[in-house]
Structures are given as C-alpha cells and as structure tokens.
Amino acid sequence: MSTRTEPIRAVKGTRDLLPPETWRWQKVEDEARSVFHAYNFRELRTPIIERTELFARSVGADTDIVTKEMYTFEDRDHESLTLRPEATASVVRASIEHGLFNEGGAHKLYYMGPMFRRERPQKGRYRQFYQIGAEVLGSDHPAIDAEVLEMLHLFLERVGIKSFTLLINSVGNSKCRPEYVKVLRRALESVKSTMCPDCQRRAETNPLRVLDCKVEADQPIIARLPSILDHLCPECRQHFDRVLAELKQRGIPYEITPRLVRGLDYYTRTTFEITSGALGAQNALLGGGRYDGLSEKIGGPPAPGIGFSIGEDRLVLAVEEAERSKEASKPESKDAALTVYVAWLGDAALGPASTLVRELRRQGLSVEIDYEPTRLKKSMGIASKLGARFAIIIGDGELARGRYQVKDMSTGGQEEVEPAEITRHIESRLRSLNYFAEESRKPL
Ligand code: HAM
C-alpha cells in the first residue's frame with residue numbers, strides 16, 4: 001500500500017499571489033512610484049526583522065498590535081526579535097541611525113513590502129499583508145499634512161478608485177492630550193463596568209484605546225464619551241484648522257471624525273483614514289497621521305513626522321471592484337501582453353528562430369518560443385492561448401526566401417518580412433493599433 005505524503009500548504013493568513021493578479025499589484029506599485037516621485041519622495045528599504053523593543057516603544061506596549069499580534073521570537077543569542085507589524089517605526093529608526101535628521105529640511109521617504117500581524121484572517125485581513133507607505137520627516141507644517149493627503153488623493157484617482165472617504169481628526173500633543181486623557185478616564189469611571197473586558201483594562205492602562213474598540217455593544221457608550229476636539233490646546237487647534245483650510249483650498253473633501261485616534265500610540269495632532277465602501281467589513285484602505293514625538297521615544301533628536309500606509313491587499317481589492325463596476329476591458333488579456341510567439345518548423349529553423357527571439361527581446365518586446373518541435377496548427381493554438389498579438393512563422397521556405405511570415409493574430413492577416421525589419425514592422429503595427437497608448441504616461 002502506498003502512503004501519500006500530505007501536500008504542505010501555506011501558513012494560515014498568508015497567501016500566494018499568482019499571475020495574472022500579480023500584474024495588478026505591479027500596476028499599483030508602478031503608479032505609486034510615479035506619483036511619489038512627482039512629490040519628491042525617495043524609496044527606503046528597511047529590514048523585515050527588528051528588535052522587539054522598537055515596536056514596544058513606538059507603537060505602544062498596550063496596543064493590540066504589541067500585546068496580541070506580533071510575531072516575536074527569541075534569536076539564538078537570546079535577543080528578542082519581531083517581524084515588523086508596520087514600517088513607520090523602522091523608517092524613523094533608520095533615519096536616526098543614518099543621521100538623516102542632522103541634514104535638516106524635510107525628508108520624504110516611501111516603502112513597499114510585507115508586514116506581519118497575527119489577526120483573525122478574513123477578506124482584506126491577513127497575517128502577512130502588504131503596505132505601500134510614505135513618511136515626511138523633519139517638518140510639522142500643516143501644509144505638509146495637506147500635501148500628503150493631496151498626494152494620496154491623486155494616487156487613488158490614478159489607480160481608478162473614485163469612491164472613498166477621508167476621515168480626519170486631531171489627537172492633540174503631549175501638552176493637551178494628557179489633560180484630555182484625565183477627562184476621559186473620569187468619564188469612563190461610571191461606564192467602564194458595562195464595557196467589554198478589553199475596554200475595562202484599557203480604561204485603566206490607556207483610556208484613549210477605548211475609542212478604537214470595535215465591539216458593537218460598546219459603540220453607544222463610546223459615542224457619548226467626551227470629544228478630544230473639545231480639549232485641544234490653542235496650538236493644536238490652530239494646526240488642525242490650518243490643515244483643514246489647506247485641504248479646502250486644494251479641493252479635497254473630508255469628514256471630521258473625533259473618535260479617530262488610531263490603534264498606534266505614536267500619533268500626535270493629525271490622524272486620518274481613508275475608507276472605501278467597496279471593501280466590506282475591513283473598509284480601511286489606508287491610515288496615517290502625524291507622530292511628532294516618535295523620534296525622541298526611540299532615542300533620536302526631536303523631529304516631527306507625518307505619513308501613511310496603504311493596505312495594498314485592500315487597495316488591489318478596491319481597484320478590482322472599481323474595474324468591475326465600470327466593466328473595463330478584461331485585465332487578463334492585458335496581463336498576458338505577450339507580443340510575439342515564434343513558431344519554427346524543421347530543425348534548420350530553430351537556430352534562426354532563437355536568434356530572432358533574442359533580438360526581439362533585446363528590443364523590449366515580450367516574446368515566447370517553444371523548443372520542442374511542434375506542428376504549425378498546434379503552434380498557432382499555443383500562440384492564441386498565450387494571447388500573443390503576432391506569430392512569426394519560420395520554416396524551410398521562409399529560410400530559403402530570407403523573409404519570415406508575420407501573422408497578426410487578431411485579424412489573421414499575414415505578411416512576409418525580412419528578419420532585420422521585423423521589430424520595426426511590429427512596432428509600427430502596434431502604434432497604428434494604439435497598442436501603447438494606455439501604457440504611455442499621462443501627465444500627473
Ligand atoms: P495601520 O492603520 O495599522 O497604520 O495600517 C495601515 C493600513 O494597513 C490599514 O488601513 C489597512 O489597510 C492595512 N492593514 C493593516 N492590518 C492589515 C491586515 N492584517 N491585513 C491587511 N491589511 C492590513 C500603520 O501601519 C501606520 N504605520 C500608518 C502610518 C504611517 N502612520 C504614520 N505613517
């Protein structure tokens with residue numbers, strides 16, 4: 001009796017991203033790079049593992065992320081390491097470590113990559129998920145807050161997401177927030193016993209976290225708690241008003257949401273989220289805010305900062321949803337985007353066919369060839385299955401004439417072209433078909 005080995009599956013909450021879906025990921029990443037570049041952001045890549053202490057001190061020891069969700073392990077030399085649950089702390093750590101703050105002026109950095117949180121997996125929520133984020137370090141000017149939101153607005157527009165809502169709030173600073181927390185703690189005294197066990201604990205340890213509790217039964221109680229916007233100091237009030245005025249001036253709609261304190265402890269002043277109706281329960285497409293004291297918390301110089309992280313998994317879902325609703329042309333066919341399939345018939349044709357394939361690929365065209373001898377009819381079947389725009393056929397007759405057959409797969413039309421002319425021929429045909437039009441850069 002044969003015993004079959006069980007296939008090994010991906011870890012719960014992680015997933016493989018397969019083609020053609022990966023094409024869409026590449027598209028949103030390309031668009032992000034292009035928009036970020038226009039706003040003078042440059043890419044930073046930080047390690048995926050960091051010392052656990054970095055997140056305890058920045059994200060906050062009493063946040064859900066740090067208490068329940070981090071993948072933390074002891075390294076062989078007994079150091080506690082953590083798979084990054086987010087990247088803002090790493091960006092600030094790296095900026096301190098490499099002296100970016102000493103250079104003065106605002107530094108604009110962006111990153112893309114996987115983050116890890118041990119949450120309950122569901123649609124739009126994974127244990128390994130991806131973020132595209134950007135941070136501005138070294139300025140607390142309210143116009144920077146508005147510029148970051150303007151950039152996000154443009155980015156979402158560029159990837160085709162039309163229906164989204166910007167929720168915005170101010171959580172004050174180290175001067176006024178402790179006062180508000182006292183008020184909140186007092187207000188919680190009389191109601192906390194009716195709240196969920198987490199809130200009962202948070203009411204003692206970190207009352208602000210009560211405001212982002214997701215438990216349904218707690219929501220009416222939370223709605224009646226005092227609002228942070230009524231407790232901002234004059235400087236924070238003025239900062240917030242200026243951010244809102246800048247947004248108005250830039251034509252960016254927003255909704256003021258006083259409970260939006262966000263699940264991370266490093267925030268000061270501006271906090272925001274963008275939600276999308278297309279996403280269902282996990283509707284936060286992105287989140288961000290200002291973190292003016294974060295650098296000091298992890299041993300750096302005073303350096304204000306603001307940034308955001310887009311949940312790329314959710315972004316891709318929202319882009320798909322937007323495309324479905326406008327019934328756009330099938331993305332699969334664009335993903336294939338194979339320009340040429342080269343079919344060869346007879347041993348003598350294989351060498352010239354390989355040479356042609358190499359030449360076309362060097363010209364940047366997407367080209368495929370099969371090295372097994374294949375009958376013409378089958379080759380044409382493969383070419384059309386691969387979505388090739390053209391098939392090139394090389395057999396003994398073509399070799400003898402020194403001209404190859406170039407077949408337009410959409411019309412079936414066929415022409416004989418000299419090998420040296422093939423790239424030019426294909427490119428001019430593609431141009432006349434407007435093939436490159438949608439790929440060409442639109443002005444920002
Ligand atoms: P965050 O709100 O924790 O903020 O995460 C930002 C976004 O990441 C969320 O809005 C969501 O789209 C996505 N996200 C979070 N957890 C998951 C998950 N388990 N599965 C899928 N997507 C998820 C931050 O991470 C801050 N670093 C944002 C920031 C940057 N603040 C200032 N600068």
Side-chain angles (χ1 to χ4, degrees), residues 44 46-70 72 79-104 106-109 111 115-117 131 133-141 144-145 148 169-182 184 202 204-209 211-212 228 232-233 235-236 239 260-272 287-309:
L44 174 76
T46 61
I48 282 169
I49 44 174
E50 294 274 5
R51 289 174 214 276
T52 304
E53 196 190 353
L54 174 67
F55 304 111
R57 266 161 54 185
S58 56
V59 173
D62 194 46
T63 55
D64 279 356
I65 294 178
V66 172
T67 55
K68 304 182 196 169
E69 296 169 1
M70 293 201 313
T72 296
E79 187 170 26
S80 179
L81 301 180
T82 292
L83 297 186
R84 63 180 185 193
E86 63 106 53
T88 308
S90 303
V91 171
V92 176
R93 179 205 45 74
S95 303
I96 298 168
E97 198 164 328
H98 303 287
L100 292 191
F101 294 133
N102 307 338
E103 295 168 17
H107 283 275
K108 297 176 166 180
L109 300 164
Y111 52 86
M115 310 290 156
F116 304 84
R117 295 183 195 174
Q131 285 186 343
E135 315 286 345
V136 186
L137 305 168
S139 169
D140 64 355
H141 199 289
I144 291 284
D145 304 36
V148 161
N169 190 27
S170 172
V171 294
N173 62 7
S174 57
K175 223 161 80 191
C176 54
R177 196 172 42 220
E179 285 307 308
Y180 169 68
V181 170
K182 271 190 213 155
L184 190 59
R202 291 173 188 137
E204 301 296 329
T205 56
N206 193 346
L208 214 54
R209 293 275 73 84
L211 300 184
D212 42 44
I228 193 157
L232 295 180
C233 61
E235 293 80 14
C236 287
H239 191 274
L260 187 75
V261 291
R262 314 247 315 114
L264 303 94
D265 277 354
Y266 52 59
Y267 289 113
T268 54
R269 295 190 166 167
T270 315
T271 53
F272 58 85
R290 193 160 262 300
Y291 43 84
D292 293 346
L294 177 55
S295 170
E296 291 101 304
K297 271 193 200 162
I298 55 178
I306 182 166
F308 61 82
S309 309

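All figures in this text were calculated on a predicted structure; none of them were measured in a lab.
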**OP:** Could you tell me the separation between the OG atom of Ser309 and the CE atom of Met115, rounded to the nearest 0.5 Å?
**Re:** 6.5 Å
Original post:
Step by step, would you call Leu137 with Lys108 a side-chain contact (heavy atoms from CB on, under 4.5 Å)?
Top reply: CA-CA 6 Å; Leu137 305 168; Lys108 297 176 166 180; over 6 Å; no
**OP:** Taking atom CD1 of Ile49 as the centre, report whether more than 12 heavy atoms of other residues, nucleotides or ligands fall under 6.0 Å from it.
**Re:** no
**OP:** Output yes when a side-chain donor or acceptor of His239 lies under 3.5 Å from a complementary backbone atom of Asp140, and no otherwise.
**Re:** yes
Subject >> Leu294 side, atom CG; Ile306 side, atom CD1 - distance, nearest 0.5 Å >> reply: 13.0 Å
Original post:
Which heavy atom of Gly60 sits nearest a heavy atom of Thr63, and at what distance?
Top reply: O-OG1, 2.7 Å
**OP:** Would you name the heavy atoms of Pro85 and Ile65 that are closest together and state the gap between them?
**Re:** CB-CG2, 3.6 Å
Subject >> Distance, nearest 0.5 Å, that separates CD of Glu179 from CG of Leu232 >> reply: 12.5 Å
Original post:
Do Cys233 and Arg177 touch side chain to side chain, with heavy atoms closer than 4.5 Å?
Top reply: no
Original post:
Hey, which of Thr270, Thr268, Asp145 is the one that makes side-chain hydrogen bond (donor to acceptor under 3.5 Å, both in side chains) with Arg290?
Top reply: Asp145
**OP:** Calculate, to the nearest 0.5 Å, the distance between atoms CG and CD1 belonging to Leu54 and Ile298 respectively.
**Re:** 5.0 Å
Original post:
Is there a donor-acceptor contact under 3.5 Å from the side chain of Asn169 to the main chain of Leu260?
Top reply: yes
**OP:** Could you list the residues that satisfy ring pair (Phe, Tyr, Trp, His ring centres under 6.0 Å) with Tyr291, not counting sequence neighbours?
**Re:** Tyr266
Subject >> Distance-minimising heavy-atom pair for Gly299 and Arg57 >> reply: N-NH2, 3.9 Å
Original post:
Can you find a pair of side-chain heavy atoms, one from Glu50 and one from Leu83, that are under 4.5 Å apart?
Top reply: no
**OP:** With the side chain counted from C-beta on, respond yes when Arg269 and Val171 share a heavy-atom pair under 4.5 Å apart, and no when they do not.
**Re:** no
Original post:
Is the backbone N or O of Thr72 less than 3.5 Å from a side-chain atom of Thr82, with the two atoms forming a donor-acceptor pair by type?
Top reply: no
**OP:** Drop me the distance from Glu86's CD to Leu264's CG, to the nearest 0.5 angstrom.
**Re:** 5.5 Å
Original post:
Taking it one step at a time, do Asp64 and Arg202 satisfy salt bridge (charged side-chain N to carboxylate O under 4.0 Å, His left out)?
Top reply: CA-CA 11 Å; Asp64 279 356; Arg202 291 173 188 137; 3.5 Å; yes
Subject >> Sub-4.5 Å side-chain heavy-atom contact between Ile96 and Ser295 >> reply: yes
Subject >> Minimum heavy-atom distance between Leu208 and Tyr180, given as atom pair plus value >> reply: CD1-CE2, 3.6 Å
Original post:
Is there a side-chain contact between Tyr111 and Glu135 (heavy atoms, below 4.5 Å)?
Top reply: yes
Original post:
Hey, mind stepping through Asn173 and Asp292 against side chain to side chain donor-acceptor pair (under 3.5 Å) and telling me if it holds?
Top reply: CA-CA 8 Å; Asn173 62 7; Asp292 293 346; over 6 Å; no
**OP:** Of all the heavy-atom pairs spanning Phe272 and Gly307, show the shortest one and how long it is.
**Re:** CZ-O, 3.6 Å
**OP:** Would you indicate whether Glu296, at its atom CD, is surrounded by more than 12 heavy atoms from other residues, nucleotides or ligands within a distance under 6.0 Å?
**Re:** yes
**OP:** Drop me the distance from Met70's CE to Ser80's OG, to the nearest 0.5 angstrom.
**Re:** 7.5 Å
Original post:
What pair of heavy atoms forms the shortest contact from Tyr267 to Gly288, and how long is it?
Top reply: CE2-C, 3.7 Å
Subject >> Audit row: Glu235, Lys175, salt bridge (charged side-chain N to carboxylate O under 4.0 Å, His left out) steps and yes/no >> reply: CA-CA 10 Å; Glu235 293 80 14; Lys175 223 161 80 191; 3.2 Å; yes
**OP:** Would you check if the side chain of His107 reaches a backbone N or O of Val136 as a donor-acceptor pair within less than 3.5 Å?
**Re:** no
